[in-house]
A.B. asks: 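Please read through the structure below; I'll follow up with questions.
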Amino acid sequence: MNLFQHFQAEVIRQIEAMAAEGALPGGLDTSRVGVEPPREASHGDVTTNAAMVLAKPAGMKPRDIAETLADRLLALDDVTAAEVAGPGFINLRLADGFWHARLMEILAAGRAYGDSDFGAGTGKVNVEYVSANPTGPLHVAHARGAVVGDVLARLLKKAGYDVTTEYYINDAGAQVEVLATSAYLRYCQALGEDIGEIPDGMYPGEYLIPVGKAIADADGDKWRHVDEDTWLPHFREFTVREMMAQVREDLAALGVEQDVFTSEKELVAAGAVDGVYKTLSERDLIYTGVLEPPKGKPPPDDWEPRPQALFRATQFGDDVDRPLKKSDGSWTYFANDIANHLDKYKRGFTQMIDIFGADHGGYVKRMKAAVTAVSEGKAELDIKLCQMVHLMKDGEPMRMSKRAGNFVTLRDLIDEVGKDVVRFLMLTRKSDSQMEFDLVKAVEQSRENPVFYVQYAHARCRSVLRSAAEEISGLDTSAEALAGADLSLLTDPAELDLIKVMAAWPRTVDQAAEAHEPHRIAFYLNDLVSGFHALWNKGNDDTGLRFLQADNADVTRARMAMVQATATVIASGLDVLGVVPVEELR
RNA sequence: GGCCCCGUAGCUCAGUUGGAUAGAGCACAGGAUUCCUAAUCCUGGGGUCGCAGGUUCAAAUCCUGCCGGGGUCACCA
């Protein structure tokens, strides 16, 4: 239960009742009435701005509305206080029993706690991420986008959205030709020829050596004595297939498995781009024009003003119209990507989310413009830009040179710190902020390391539950048994505070999903867990607060219910992050 | 030069889509362990929310203009 949503509905019901009694004008717009946690915990459990939002349209003073509304809210079940404060806030305090009921809810729901129907019925959502060139293994720069996309998708699913995850394979460009040629060199090498240095512009990576060898093993020297036109298609297809297999393997190692892989090449071959061109032309959204060279900076050496087919992106908010064809007559990447997004629209997706690297920032407006155009405004595209990740080692920046071939692959990173650490830490910043990723700090076991901090709390919960089962005979610590505990024994403010954080989980899920901000889950977990560690340590000063009370089975049972619930909510959050909660730390 | 992102405590960052007296961690100063893992916790100081206007009951948040950092700018993806 999203308790804030629950009380929002109550507040609106009371407003309508007031209108019916003539205490408020009828037909007021309640869409801006919000129910939120107060900024200050001392203000209560939930707060509403209703009186302030309604004051103007109702032609009344906020405090007058607030007084009446507060009286009505006080009469509700579970509300123990309703105070008017500040310019017209109404602060509610809720009964302990309400919080105990939330604990029951958690025990009953298990890790599904926080699942909601928030996004149900809003249409199909497509999340596209990674979408790297199949020209080599994924490297660290892809890690952030992969995690952000994957966790966003999991988050949206938890919030009830109908989600499909997708990888758009950029297998149609010139880079793929270069890749095939590079693989051909390795093929010659595998046949025993001396190929010398890999020429500039080719892919020098060693990962192509096994590809060349595989072809040599399979086909012998049959490609050695034919024209490039003959061998190129085979090498292109074979190598791309190999690279994609590796990409999928690397993603799987990160815990990422996408539902749909769309090939740019196949899209083009199927005539999808021609279709887009035709449709847009018919709607007069394409014309032949000449672009101006960029101002401020000297234009590229080979710049020449030439007429080309332009999409009227400016009609949809872009800064300039964008070219659809290259000088050799083939489609631009953009043209193909329009077809990609139209294809998604045709497959029924009205909400699309693309995860891009920050270097594609300049591409955002045109892609949004294109989606608006091809869907005639019926589909929405949100683009999340992931800023750069700077790899560090114990505080020192790690300089990576792609030319020297010593760039760090995604696989290297996973092997070094583990997939769960990569996944969690990538979400400890909002995606549009740059971040540092320190290989040493990532595996440190200290308060500074949020992954550890959260895992430690979960392990502590499990540890207490194990100890309780051992030390108190006859104590059943299964969730089912604990659901029968007398929770009214949980009365300490510190205990209730922890339960309140747990009860905020469903709202966190809804809000993070709506905002498309998966990092909020990591921050929530940090908050939750710090509440748990704090309560744990209160037992140092006050032994009466320890979870385990050897001489009081009833209290222990109630506290075990709380500990079990804590572990459950942590696990529920880690599930969204795709991180496995640990039973113990070693 | 255009566009996009960022600018919040000494440092690293949150800030619930416009709410009340702006919050954490690190660092600094002090304190807690006969105990379920002290791998943790508690207390304290520390701020012109880059600057200046504007919008309104209310702005770190929205608008405009500057300043600083990063990214990007036909035909690559």
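Since this is a predicted model, take the numbers as computed values, not measurements. Reminder, nothing fancy here: chain letters follow the sequence lines and each chain counts from 1.
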A.B. asks: What's the base orientation of B:U48: syn (chi within 90° of 0) or anti?
C.D. replies: anti
A.B. asks: Would you indicate which nucleotide in B:C36, B:G70, B:C4 comes nearest to any side-chain atom of A:Leu548?
C.D. replies: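 Nearest to the side-chain atoms of A:Leu548, counting from C-beta on, is B:C36.
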A.B. asks: Can you find a side chain N or O atom of A:His390 that sits less than 4.0 Å from OP1 or OP2 on B:U12?
C.D. replies: no
A.B. asks: Base, sugar-phosphate, or nothing for A:Asn49, non-hydrogen atoms under 4.0 angstrom?
C.D. replies: base
A.B. asks: Would you classify A:Asp302 as touching base, sugar-phosphate or nothing, given that sugar-phosphate means primed atoms plus P, OP1 and OP2, and contacts are heavy atoms under 4.0 Å?
C.D. replies: base
A.B. asks: Is there a donor-acceptor contact under 3.5 Å linking the side chains of A:Asn340 and A:Asp343?
C.D. replies: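 Distance-only check fails for A:Asn340 and A:Asp343.
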A.B. asks: Check every strand shown and say whether A:Leu585 touches a base, only sugar-phosphate, or nothing at a heavy-atom separation below 4.0 Å.
C.D. replies: base
A.B. asks: With rounding to the nearest 0.5 angstrom, report the CD to CD distance, A:Glu83 to A:Glu67.
C.D. replies: 11.0 Å
A.B. asks: By the 4.0 Å heavy-atom rule, please label A:Ala358 as base, sugar-phosphate, or nothing.
C.D. replies: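 The answer is sugar-phosphate, as A:Ala358 gets under 4.0 Å only of primed atoms, P, OP1 or OP2.
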A.B. asks: Identify whether any heavy atom of A:Lys430 sits under 4.0 Å from a base atom; if not, whether one sits that close to sugar-phosphate; answer base, sugar-phosphate or nothing.
C.D. replies: sugar-phosphate
A.B. asks: Sequence neighbours excluded, which residues qualify as salt bridge (Lys or Arg N to Asp or Glu O under 4.0 Å) partners of A:Asp420?
C.D. replies: none
A.B. asks: If you only use heavy atoms from C-beta on, which nucleotide in B:G71, B:A77, B:C3 is closest to the side chain of A:Met388?
C.D. replies: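 Of B:G71, B:A77, B:C3, B:G71 is nearest to the side chain of A:Met388.
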A.B. asks: In whole angstrom, give me the gap between the P atoms of B:C11 and B:G47.
C.D. replies: 13 Å
A.B. asks: Quick test of your reading: applying side chain to side chain donor-acceptor pair (under 3.5 Å), list the pairs with at least one residue in residues 517-532 of chain A, sequence neighbours left out, ordered by first then second residue.
C.D. replies: A:Glu517-A:Arg520
A.B. asks: Just say parallel, tilted or perpendicular for the rings of A:Phe356 and A:Tyr363, cut-offs at 30° and 60°.
C.D. replies: tilted
A.B. asks: Quick check for you: among B:C75, B:U16, B:A74, whose closest atom lies nearest to any side-chain atom of A:Glu304?
C.D. replies: B:A74
A.B. asks: Verify the contact: side-chain N or O of A:Tyr453 to OP1 or OP2 of B:C41, cut-off strictly under 4.0 Å; return yes or no.
C.D. replies: yes
A.B. asks: Check this for me: does the side-chain of A:Asn91 come within 3.5 Å of the base of B:A20 through a donor and an acceptor?
C.D. replies: yes
A.B. asks: Give a yes/no answer on whether the side chain of A:Trp536 brings an N or O atom under 4.0 Å of OP1 or OP2 in B:A38.
C.D. replies: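 Affirmative; the distance criterion is met.
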A.B. asks: Under the side-chain hydrogen bond (donor to acceptor under 3.5 Å, both in side chains) rule, what do A:His533 and A:Arg460 come out as? Steps first, then yes or no, please.
C.D. replies: CA-CA 9 Å; A:His533 285 306; A:Arg460 267 188 159 172; 3.1 Å; yes
A.B. asks: With RNA chain B as reference, determine whether A:Thr428 or A:Lys365 sits nearer its 5' end, using the nearest nucleotide of each.
C.D. replies: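 Nearest-nucleotide comparison on RNA chain B picks A:Lys365.
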A.B. asks: Residues two or more places apart in sequence or in another chain: which of them pass salt bridge (Lys or Arg N to Asp or Glu O under 4.0 Å) with A:Lys441?
C.D. replies: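 A:Lys441 satisfies salt bridge (Lys or Arg N to Asp or Glu O under 4.0 Å) with no other residue.
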A.B. asks: Say we look at B:C5 and B:C63: how far apart would their P atoms be, to the nearest angstrom?
C.D. replies: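 10 Å, rounded to whole Å.
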A.B. asks: Below 4.0 angstrom from OP1 or OP2 of B:A14, is there any side-chain N or O of A:Ser433?
C.D. replies: yes
A.B. asks: When you measure from the side-chain N and O atoms of A:Ser463 to the phosphate of B:U37, is any distance below 4.0 Å, counting only OP1 and OP2?
C.D. replies: yes
A.B. asks: What integer number of Å spans the P atoms of B:A60 and B:U8?
C.D. replies: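 The same atom, P, in both gives a distance of 15 Å.
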A.B. asks: Does A:Gln549 offer a backbone N or O that forms a donor-acceptor pair with the side chain of A:Thr556 under 3.5 Å?
C.D. replies: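 Side chain of A:Thr556 to backbone of A:Gln549: a pair is present.
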A.B. asks: Scan nucleotides 23-29 of chain B nucleotide by nucleotide, 5' to 3', and note B when protein non-hydrogen atoms come under 4.0 Å of the base, S if they reach only the sugar-phosphate, - if neither.
C.D. replies: S-SS---
A.B. asks: If you measure from CZ on A:Arg144 to CE on A:Met388, what distance do you get to the nearest 0.5 Å?
C.D. replies: 10.5 Å
A.B. asks: For a quick check of understanding: with a heavy-atom distance under 4.0 Å over all strands, which category does A:Ala459 fall into, base, sugar-phosphate or nothing?
C.D. replies: nothing
A.B. asks: If you write RNA chain B from 5' to 3' in dot-bracket form, with Watson-Crick or G-U pairs under 3.5 Å, [ ] for crossing pairs and | for pairs with another strand, what do you get?
C.D. replies: (((((((..((((.....[...)))).(((((.......))))).....(((((..]....))))))))))))....
A.B. asks: Taking only the side-chain heavy atoms of A:Asn537 (C-beta and beyond), determine which of B:U37, B:G15, B:C41 contains the nearest atom.
C.D. replies: B:C41
A.B. asks: Which label fits A:Phe532 and A:Phe547: parallel for a plane angle under 30°, tilted from 30 to 60°, or perpendicular past 60°?
C.D. replies: parallel
A.B. asks: Once the angle between the rings of A:Phe452 and A:Tyr456 is folded into 0 to 90°, is it parallel (under 30°), tilted (30 to 60°) or perpendicular (over 60°)?
C.D. replies: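 Plane angle under 30°, so parallel.
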A.B. asks: Could you work out which one of B:U40, B:A20, B:A74 sits closest to the side chain of A:Tyr456?
C.D. replies: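 Selected nucleotide: B:U40.
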A.B. asks: Is any side-chain N of the basic residue among A:Glu436 and A:Arg429 closer than 4.0 Å to the acidic one's carboxylate O?
C.D. replies: no
A.B. asks: Roughly how many Å apart are B:A74 and B:C66, using the C1' atom of each and rounding to a whole number?
C.D. replies: 31 Å
A.B. asks: With distance as the sole criterion, do the side chain of A:Thr47 and the base of B:A20 form a donor-acceptor contact below 3.5 Å?
C.D. replies: yes
A.B. asks: Between B:A77 and A:Lys326, is there an OP1 or OP2 to side-chain N/O distance shorter than 4.0 Å?
C.D. replies: yes
A.B. asks: Specify the closest pair of heavy atoms between A:Ile353 and A:His516, including all atoms of both residues, with the distance to one decimal.
C.D. replies: CD1-CE1, 3.5 Å
A.B. asks: Touch check for A:Ala515, heavy atoms < 4.0 angstrom, all strands: base, sugar-phosphate only, or nothing?
C.D. replies: base
A.B. asks: Checking contacts here: which listed nucleotide (B:C13, B:A77, B:A74) is nearest the side-chain heavy atoms of A:Arg429?
C.D. replies: B:C13
A.B. asks: Tell me, for nucleotides 54-59 of chain B in 5' to 3' order, what letter each nucleotide earns: B for a base near a protein heavy atom under 4.0 Å, S for only sugar-phosphate near one, - for neither?
C.D. replies: --SSB-
A.B. asks: For A:Gln175 and A:Asn133, test the side chains for any donor-to-acceptor distance below 3.5 angstrom and give the result as yes or no.
C.D. replies: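 Side chains of A:Gln175 and A:Asn133: no pair found under 3.5 Å.
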A.B. asks: Distance between the P atoms of B:A38 and B:G45, in whole angstroms?
C.D. replies: 28 Å
A.B. asks: Salt bridge or not between A:Lys384 and A:Asp354? Use side-chain N to carboxylate O under 4.0 Å.
C.D. replies: no
A.B. asks: So what does A:Asn540 touch, heavy atoms closer than 4.0 Å: a base, only the sugar-phosphate, or nothing?
C.D. replies: base
A.B. asks: Mind checking the P distance from B:U33 to B:U12? Whole angstroms is fine.
C.D. replies: 35 Å
A.B. asks: Give the rounded distance in Å between these two atoms: CG of A:Asp382 and P of B:C5.
C.D. replies: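 Interatomic distance, CG of A:Asp382 to P of B:C5: 12 Å.
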A.B. asks: Can A:Phe523 be classed as stacking with the base of B:A14, given a centroid separation cut-off of 5.5 Å and a plane angle cut-off of 30°?
C.D. replies: no
A.B. asks: From CG of A:Leu525 over to C1' of B:A14, roughly how many Å is that when rounded to an integer?
C.D. replies: 15 Å
A.B. asks: Is A:His360 stacked on the base of B:A77, with ring centres under 5.5 Å apart and planes under 30° apart?
C.D. replies: no
